[in-house]
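Accompanying notes for the structure given below.
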2 protein chains.
Amino acid sequence: MVLEFVKALAHESRLRLLGLLASREHSVQQLAAVLSLKEPTVSHHLALLREAGLVSLRQDGNTHWYNLQIKSLSRLARALASREQLETFAGGPIDAPEDRVVRNYLTRDGRLKSFPSTRKKRRPVLAWLARQFDEGRRYTEAEVNELIERRHHDRETFRRELVGHHMLARKDGVYWRLPESEWDV
Amino acid sequence: MVLEFVKALAHESRLRLLGLLASREHSVQQLAAVLSLKEPTVSHHLALLREAGLVSLRQDGNTHWYNLQIKSLSRLARALASREQLETFAGGPIDAPEDRVVRNYLTRDGRLKSFPSTRKKRRPVLAWLARQFDEGRRYTEAEVNELIERRHHDRETFRRELVGHHMLARKDGVYWRLPESEWDV
DNA sequence: CCATAATTTCGATAATCATCTAATTAGATA
DNA sequence: TATCTAATTAGATGATTATCGAAATTATGG
């Protein structure tokens with residue numbers, strides 16, 4: 001999502017479009033005239049900005065009036081200013097889990113809100129976390145911590161629980177993911 | 001400047017790099033391993049991020065440790081959240097001068113407010129204007145006027161002063177930019 | 001001063017993307 | 001319906017850039 005945002009911003013013409021829309025709404029013709037571009041080109045850029053949710057469209061007759069969506073920009077700005085949210089970028093595109101329980105424990109940017117206090121909810125949440133690890137690969141403790149921290153700051157609790165539920169195994173400081181058949185129910 | 005920032009952000013690999021650096025410093029090798037990219041590729045991305053001022057480099061032996069420059073991101077975030085700053089994007093890229101004196105003489109859209117009445121301020125302002133010309137290129141008087149008029153309507157005064165300060169030279173109606181070493185102090 | 005290790009630079013290739021013209025859609029008007 | 005206007009879509013072209021392997025660079029340690 002963030003990637004789509006910044007990609008939409010990452011072109012001179014589109015930045016200038018946003019600049020123009022920041023002061024007032026414009027039609028495609030107007031924008032094309034100011035930027036010395038052809039209408040199809042402007043239309044193309046506006047489509048990208050719209051897909052990213054950065055501008056909105058109001059149609060009147062056959063004139064299309066474009067407006068800046070300042071809220072989207074504010075949301076992006078907050079994401080860029082927060083170290084926590086930045087860390088979530090590391091994981092690449094997020095795999096939204098089907099499980100409702102797990103989804104309720106995830107923030108919009110794919111981080112865990114907390115360690116589940118309800119005992120029943122622990123297994124699905126931990127299972128989801130365990131699946132972030134590759135099967136058949138070995139991890140140092142630092143690597144385990146790094147992967148966990150992508151989802152929650154409390155690496156100690158989650159690492160201990162993953163091992164406790166037999167989702168991760170550990171020997172001589174090396175960790176690996178166990179097959180799902182061995183996980184606690 | 002903002003364009004350079006967002007361009008640097010606008011790639012999945014680079015966003016993920018920032019995400020990793022948000023939690024702690026990393027070497028090139030480490031980053032390459034996590035992202036499954038070759039070192040030259042990561043090096044390339046880091047160079048872009050560094051030029052934009054988004055990451056910094058600490059060298060120890062022949063290992064390069066990269067760190068996130070959270071301040072740059074905060075600055076960018078503020079720019080995106082403010083309507084006023086957004087409006088300045090409309091004007092296209094203005095080569096924002098570092099010099100405070102010059103900045104005070106520029107409108108938001110990169111034009112000169114006036115010819116400096118204070119004698120001391122003339123040199124930096126004229127130097128900035130002179131740098132709008134390419135070195136080693138020859139200009140007709142019409143071309144000189146056109147370039148100056150982009151920055152101020154009074155082409156006569158500025159053209160005369162540029163020549164007077166030995167920033168531009170003229171012979172047989174042809175102008176060219178002189179090396180900075182020859183400019184009046 | 002040679003060997004090694006980590007990184008960067010170089011050069012080539014392939015993919016992505018911005019821009020244009022021409023053709024098409026959709027609304028308004030007569 | 002015919003026509004005019006504003007915008008979008010399609011298709012083609014050229015420019016930018018991500019990635020990699022190979023070569024060059026830089027620092028360390030015998």
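Each chain gets a letter, A, B and so on, in the order its sequence line appears, and its residues count up from 1. Values reported hereafter were calculated over all heavy atoms of this structure, with side chains retained and with hydrogens, waters and symmetry mates removed.
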Sugar-phosphate only, base, or nothing, as touched by T41(B) at under 4.0 Å among non-hydrogen atoms: base
Output the rounded distance in Å from [atom1] ([X]) to [atom2] ([N]).
| X | N | atom1 | atom2 | value |
| --- | --- | --- | --- | --- |
| L49(A) | dA18(C) | CG | P | 11 Å |
| L57(B) | dA6(C) | CG | C1' | 12 Å |
| L46(B) | dT17(D) | CG | P | 17 Å |
| L37(B) | dT17(D) | CG | C1' | 14 Å |
| E12(B) | dT17(D) | CD | P | 18 Å |
| R58(B) | dA27(D) | CZ | C1' | 15 Å |
| L31(A) | dT19(C) | CG | P | 14 Å |
| E4(A) | dC17(C) | CD | P | 12 Å |

Pair of N/O donor and acceptor under 3.5 Å linking dT5(D) base with N62(A) side chain: yes
Go through [options] for me and flag the one nearest to the [X] side chain.
| X | options | result |
| --- | --- | --- |
| Q59(B) | dA10(D), dA22(D), dA27(D) | dA27(D) |
| S43(A) | dT19(C), dC20(D), dT9(D) | dT9(D) |
| S13(B) | dC20(D), dT19(D), dT21(C) | dT19(D) |
| E39(B) | dC20(C), dA18(C), dT7(C) | dT7(C) |
| R14(B) | dA18(D), dT19(D), dC20(D) | dA18(D) |
| H11(A) | dA22(C), dT19(C), dG21(D) | dT19(C) |

Within one Ile-Leu-Val-Met-Phe-Trp-Tyr cluster: V42(B) and L48(B), side-chain cutoff 4.5 Å: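 Per the 4.5 Å side-chain linkage, V42(B) and L48(B) are not co-clustered.
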Residue met sooner reading DNA chain C from 5', once L48(A) and D60(A) are mapped to nucleotides: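 The 5'-side residue here is L48(A).
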Toward the 5' end of DNA chain C, by each residue's nearest nucleotide, A10(A) or H64(B):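 The residue closer to the strand's 5' end, by nearest nucleotide, is H64(B).
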Taking only the side-chain nitrogens and oxygens of [X], find out if one of them lies under 4.0 Å from OP1 or OP2 of [N].
| X | N | result |
| --- | --- | --- |
| K7(A) | dT16(C) | no |
| K38(B) | dT7(C) | no |
| H44(A) | dC20(C) | no |
| Y66(B) | dA6(C) | no |

Ionic contact status for R122(A) with E161(A), cut-off 4.0 Å: no
F115(B) and F158(B) aromatic ring geometry - parallel, tilted or perpendicular at 30°/60° bounds: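 Rings of F158(B) and F115(B): perpendicular, over 60°.
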Exceeds 12 heavy-atom contacts within 6.0 angstrom, atom NZ of K38(B):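 Open.
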R119(A) atom CZ: more than 12 heavy-atom contacts under 6.0 Å: no
Pairwise 5' ranking along DNA chain D for T63(A) and H45(B), keeping only the more 5' one: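 Closer to the 5' end of DNA chain D: T63(A).
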Sidechain-backbone polar pair: Q30(A) side chain, S27(A) backbone, donor-acceptor under 3.5 Å: yes
